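This report refers to the structure that appears directly beneath it.
Numbering of ligands and ligand atoms starts at 1, following listing order. Quick caveat, the model's predicted, so the values are computed rather than measured.
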Amino acid sequence: MEDFIIAFQNAAKEIQELLKTSHTDYLSSTNSSGDTQLGIDIKADKIIEEKLLSLKSVYGVCSEEKSEAIYKNSGSYLIAYDPLDGSSIISSNLSVGSIFGIYKETFESKNLIAAAYIVYGPRLELIFASEELSYFIYDGDCWQRQPSIALNKNGKINSPGGTQKHWEAKHKALIDSFFQKGYRLRYSGGMVPDLHQILIKKGGLFSYPATLDAPKGKLRKLFEVFPFAFIYEKAGGMAIDGKNRLLELPVDGIHDTSPCFFGSEEEINEVRKTYE
Ligand code: AFP
């Protein structure tokens, strides 16, 4: 897995430079999920595609910006990635990220064997999870390994996604119940910094539920939901769609979405009580 870590670290440095110097204007094109694309989304996609396809062990890649996967002749790993998650908050200069899922032979949750994400913020950071979780910070010269991350049984952060107007009543009651217990609202609109914050602060809840306008949720299974489910479970947390473990869900096409809840044990048990 060392070659993947090096590829992600090299891509991270190039994309961080792009973010510092590129315009963040929207293009007239949309990606396969119907999101308007930025020029920088497409450049980041290309940087990552080249880095990954140059690895011997990689058989194919698919990304949020592509309508289909690209395959080579050899290798056994398939990588699904979101090259620049949080396009809509780049113009406000908030942190954004890249997310990766490494699958063995097929793009299915049961074959996810490693996952990673990069945070482009005031600092450049990489989290990589396979058997265990590794955390790196770039110091401007080298990637410095940090102590690993583990979630406590509960936390203090509530990170609720989606438009409240479209939440089901039971979801609104669940989110309110956390605020009544003293949880603080922390939500930037970028999945990477929002989930990273919960990991770094050792607990809390991130939710992106089924809504009246998006009954299957917004976040994509292969590029966003499964990789973060894998990372949260490795950190001692849990990840469910309300009832089921996210990493046991089937996939209906590369851009399939799911409602999702990531957090520490006690918060996820509360979610289960609401949704079961
Ligand atoms: P964009 O890439 O369009 O900015 O979407 C980001 C994202 O997929 C994810 O990073 C956020 O958690 C989620 O959307 C935020 O969505 P809401 O604004 O609907 O809460």
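The number of heavy-atom neighbours closer than 6.0 Å to CD of E276, taken from other residues, nucleotides and ligands shown, is above 12. In the displayed structure, K170 atom NZ is contacted under 6.0 Å by more than 12 heavy atoms of other residues, nucleotides or ligands. Within 6.0 Å of the CG atom in D139, the count of heavy atoms belonging to other residues, nucleotides or ligands exceeds 12. Under a cut-off of 6.0 angstrom, the local environment of CD in Q144 is crowded, with over 12 non-hydrogen atoms contributed by other residues, nucleotides or ligands.
Ligand 1 places these atoms under 4.0 Å from at least one heavy atom of R220: 8 (O). The E224 neighbourhood of ligand 1 comprises atoms 8 (O), with distances under 4.0 Å to a heavy atom of that residue. Of all the atoms in ligand 1, the ones that sit under 4.0 Å from a non-hydrogen atom of G190 are 10 (O). Residue Y208 has at least one heavy-atom neighbour below 4.0 Å for each of these atoms of ligand 1: 16 (O), 17 (P), 19 (O), 20 (O).
A donor-acceptor contact under 3.5 angstrom links the side chains of E267 and S264, judged on distance only. One side chain, T106 or E108, offers a donor N or O that lies under 3.5 Å from an acceptor on the other.
Taking distance alone, with nitrogen or oxygen atoms compared against 3.5 Å, L219 stays at or beyond that limit from ligand 1. Looking at M191 next to ligand 1, an N or O pair under 3.5 Å apart turns up.
Looking at D194 against ligand 1, nothing comes within 4.0 Å, counting heavy atoms. Here F206 has side-chain heavy atoms under 4.0 Å from ligand 1, and that is the only part of it that gets that close. When heavy-atom distances to ligand 1 are checked against a 4.0 Å cut-off, E64 has no atom that comes that close, whether in backbone or side chain.
For Y117 and F100, the ring centers sit 6.0 Å or farther from each other.
With L195, D41, D82, D85 as candidates, the residue nearest to atom 9 (C) of ligand 1 on a non-hydrogen basis is D85.
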